[in-house]
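The structure appears below as structure tokens.
Whatever order the structure lists ligands and atoms in, that order sets their numbers, starting from 1. Quick note: residue numbers are just sequence positions, from 1.
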Amino acid sequence: ALTRDVSEAIVHCELTHHERVPIDVSRARTQHLAYEDVLRAVGCTLERVPAALELPDAVFIEDTALVFDEIAVMTHPGAESRRSELPPVEHALASRRTLARIDPPGTLDGGDVLVVDRHVFVGRSSRTNDIGIEQLRTILSPLGYTVDAVPVLDCLHLKSAVTAIGGQTLLINRAWTRAAAFRAYDLVDVHPFEPAAANALRIGDQLIYPAEFPRTAERLDRRGIKLHSVPASELAKAEGGVTCCSLIVW
Ligand code: GLY
């Protein structure tokens with residue numbers, strides 16, 4: 001798992017759907033360390049990409065690249081302020097995968113890309129445009145992946161709205177995307193009081209999940225899904241979730 005330190009500048013992070021509220025940087029760092037511990041507990045070896053303390057959103061490393069068995073794709077983030085985050089991530093991936101890239105005017109954030117086996121769903125969002133999606137399709141189709149664009153409604157990224165919690169099971173907030181796009185899967189709805197609860201990080205058959213959504217966690221528990229709970233409240237104020245804070249490489 002590649003991770004990155006929380007910047008002091010996170011108080012100036014990009015915000016799209018949230019009001020700006022004070023972020024306790026020290027608490028965010030403590031929670032990020034706990035998250036890294038859980039990544040280790042589920043079997044990851046951690047590699048911290050050099051910090052980018054002047055880049056507010058650099059901790060959200062997921063947005064900078066996509067990793068597949070065959071290739072890694074460097075993105076072109078939709079927020080101009082985030083584009084300088086890429087070089088050290090590219091350096092870390094270059095020895096592990098052949099690299100492709102999304103080029104302007106295409107834009108694409110990793111948070112908008114949900115991979116389920118050979119199916120890649122890409123959120124058309126304020127960060128990811130049709131040109132970026134088409135470029136991704138051109139890169140992945142020859143490798144045998146399908147690439148489908150799906151809407152992102154009232155939230156930042158597709159993975160704010162839907163993530164995989166099992167081989168054929170997705171956790172979803174239907175108000176934030178078009179559920180019909182995922183009709184081939186078993187869908188578990190977030191609890192209505194917890195709209196932001198659809199972001200879970202699946203590594204192998206283990207699930208890392210924010211401690212802040214007990215009602216949805218109970219739904220998962222009832223299905224026999226075992227969760228590794230992590231505190232994620234401070235980075236949630238910066239519109240970050242548990243998938244955003246690492247880039248999983250195998
Ligand atoms: N603050 C996370 C993002 O907007 O990219």
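- Below 30°, between 30° and 60°, or above 60°: for Phe121 and His119 the angle between ring planes is between 30° and 60°, a tilted geometry.
- Under the ring pair (Phe, Tyr, Trp, His ring centres under 6.0 Å) criterion, the residue pairs touching residues 59-84 are Phe68-Tyr145, with sequence neighbours excluded.
- Salt bridge status for Glu70 with Arg97: absent, with no side-chain N to carboxylate O gap under 4.0 Å.
- Under the side-chain contact (heavy atoms from CB on, under 4.5 Å) rule, Lys159 has a single partner from Thr243, Thr177, Val242, which is Thr243.
- Applying the salt bridge (charged side-chain N to carboxylate O under 4.0 Å, His left out) definition to pairs two or more places apart or across chains, those involving residues 137-155 are Glu134-Arg137.
- Residues meeting the salt bridge (charged side-chain N to carboxylate O under 4.0 Å, His left out) test with Arg4, sequence neighbours left out: none.
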Below 3.5 Å only, please: the N or O atoms of ligand 1 paired with protein N or O atoms, distance on each line.
{"from": "ligand 1", "atom 1": "1 (N)", "to": "Glu14", "atom 2": "O", "distance (Å)": "2.8"}
{"from": "ligand 1", "atom 1": "1 (N)", "to": "Asp57", "atom 2": "OD1", "distance (Å)": "2.6"}
{"from": "ligand 1", "atom 1": "1 (N)", "to": "Ala238", "atom 2": "O", "distance (Å)": "2.6"}
{"from": "ligand 1", "atom 1": "4 (O)", "to": "Glu14", "atom 2": "O", "distance (Å)": "3.4"}
{"from": "ligand 1", "atom 1": "4 (O)", "to": "Arg127", "atom 2": "NH1", "distance (Å)": "3.4"}
{"from": "ligand 1", "atom 1": "4 (O)", "to": "Arg127", "atom 2": "NH2", "distance (Å)": "2.7"}
{"from": "ligand 1", "atom 1": "5 (O)", "to": "Arg82", "atom 2": "NH1", "distance (Å)": "2.7"}
{"from": "ligand 1", "atom 1": "5 (O)", "to": "Arg127", "atom 2": "NH1", "distance (Å)": "2.9"}

